[in-house]
Number of protein chains: 2
Amino acid sequence: MALFTLARPPQTNTAKRRQLSCGDQLHQAGDEGLAWRLQRGVLRLDGPQGFASLAIAGDIVGCETLLFGVYTFSASALTDCQLSPWPEGDPALSGESLLSSLARAQQRAAEIIALRGGQAVDRVLGLIRLLAGTDGGVVLPPRQAIADITDLRFETISRIVKQLERAGVLVPERVAGVHATRSFRYVAGQ
Amino acid sequence: MALFTLARPPQTNTAKRRQLSCGDQLHQAGDEGLAWRLQRGVLRLDGPQGFASLAIAGDIVGCETLLFGVYTFSASALTDCQLSPWPEGDPALSGESLLSSLARAQQRAAEIIALRGGQAVDRVLGLIRLLAGTDGGVVLPPRQAIADITDLRFETISRIVKQLERAGVLVPERVAGVHATRSFRYVAGQ
DNA sequence: CGAGCACTTGATCTATGTCAACGGTAGTGG
DNA sequence: CCACTACCGTTGACATAGATCAAGTGCTCG
């Protein structure tokens, strides 16, 4: 197994907070840059073979730059996102913070894997639950992005979203500056 | 976001090395126990909804026990495995070691996600590549386990394995004490 | 007002699921 | 050593969820 060395001294990341809106790109694979903690929103990570993973509020993105200097994945926002530079605290690379990030990453992987198995409707619903705020408001990414994540086709996603709409699970809800076909209220099934 | 505290003081894990053979279970979700580093082999992790993830040589398994005291997933061996207790070193929870584990976990997630998308044959081949040693020798897990990981059915796996065998990609190879239908040599396609 | 997307919808096709029967192998108990 | 059982794997016939192909429609923005 390779031994890694830090590409930079383990100092606090002094970059500024960052805000992304749905669709914006944070970085591309191979770019130089720093690591972030995702405070709010959902990011999509892509590798050379397409969709690679999701990052959700609390996750650390791009931590590999501290080891290799460059990002392994491209990252773009599926919803509006808020990011803060990482490492953040004083004993920033403290074992405990990293340990919970590691546990969280493994938990996350299981959730995403679940989005790629089972019936098409359930996969889409699973993703919607990840994207929905606690108030039930959801702004869906483009159909094609949902398709990439769930390993379905965008026509299938379109049919499923419409079907959920007709079933009353998704209620269309106009939000300023958002495609009319994308903002909904998710009514959790009883 | 929740704040975690360590369930145990961050001391070196003094448990002994452990060896598993194909099929053995390391622990069940909810059990108390310690964390391990997987030195050799491939483990399957299962959550409440079934297959959750794979762990591959170098990965840390069960690190959440340091936070919660119990395992989140059940773990069982897909191939013969060798485990060593973790944390291992002196400044064991050192940032750098954890950081590379975190980067590795994210990389791993992407690999496993790739096993659940695209054509059935490619998914199975992807898994075989993960399982094959550098010498090309592979001992496949039962068809049902392959099916769980790739989100296919065991009949489909059976057909695909046979098809790869007929195509000369997998060459049957008797190994003592292993089901005759499971040990092969993987001949990488040019 | 027109161009370019993203989405919708229908018709058809196909990869994979499902169901069912059967064969081999390992283990167990007589 | 020989039933007998319990898995696991194989194979065929058939069903279907979702893919694919092909028009449309309707936002959004210049």
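Lettering of chains follows the sequences in order, A, B, ..., and the numbering in each one begins at 1.
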Give the rounded distance in Å between these two atoms: CZ of A:Arg116 and P of D:dG18. 15 Å

Separation of A:Ile146 atom CD1 from D:dG18 atom P, in whole Å? 15 Å

For atom CD of B:Gln163 and atom C1' of C:dA15, their distance in whole Å: 12 Å

Could you tell me the separation between the CG atom of A:Leu164 and the C1' atom of C:dT8, rounded to a whole number of Å? 15 Å

Decide yes or no for A:Leu43 and A:Ser76: does some side-chain heavy atom of the first lie under 4.5 Å from some side-chain heavy atom of the second? no

May I have the distance from B:Lys162 (atom NZ) to C:dG24 (atom P), rounded to whole angstrom? 12 Å

Out of D:dC21, D:dG18, D:dT11, which nucleotide sits closest to the side chain of B:Glu155? D:dT11

With a 4.0 Å cutoff (strictly under), does any side-chain N or O of A:Thr156 reach OP1 or OP2 of D:dG18? no

Can you figure out which of D:dT10, C:dT16, C:dT8 approaches the side chain of A:Phe154 most closely? C:dT8

Tell me if the side-chain of B:Gln144 makes a donor-acceptor pair with the base of D:dC8, cut-off 3.5 Å, by modelled atom types. no

Taken to the nearest whole Å, CZ/A:Arg143 to P/D:dG26 is 16 Å

In whole angstrom, give the distance that lies between atom CG of B:Leu140 and atom P of D:dC8. 15 Å

Assess whether salt bridge (charged side-chain N to carboxylate O under 4.0 Å, His left out) is satisfied between A:Asp148 and A:Arg44, documenting all intermediate values. CA-CA 10 Å; A:Asp148 295 341; A:Arg44 162 188 178 164; 2.9 Å; yes

OP1 or OP2 of C:dC19 versus the side-chain N and O atoms of B:Arg153: is any pair under 4.0 Å? no

Taking the nucleotide of DNA chain C with the nearest heavy atom to each, does A:Thr181 or A:Arg159 sit closer to the 5' end? A:Thr181

Give a yes/no answer on whether the side chain of A:Arg182 brings an N or O atom under 4.0 Å of OP1 or OP2 in C:dC7. yes

Hey, does the side chain of B:Ser158 come within less than 4.0 Å of D:dG9's phosphate (OP1/OP2), counting only N and O? no

Candidates A:Arg18, A:Lys16, A:Gln39 - the one meeting side-chain hydrogen bond (donor to acceptor under 3.5 Å, both in side chains) with A:Ser84: A:Gln39

Does the B:Arg17 side chain pair with the main chain of B:Pro85, one donor and one acceptor, at a distance under 3.5 Å? no

Roughly, in whole Å, what's the span from CG in A:Asp122 to C1' in D:dA17? 13 Å

For A:Arg108 and A:Asp59: C-alpha separation, side-chain torsions, deciding distance, then whether salt bridge (charged side-chain N to carboxylate O under 4.0 Å, His left out) applies. CA-CA 9 Å; A:Arg108 183 76 62 239; A:Asp59 290 357; 2.8 Å; yes

Describe the nucleic acid contact of B:Ile157 in one word from base, sugar-phosphate, nothing, applying a heavy-atom distance below 4.0 Å. nothing

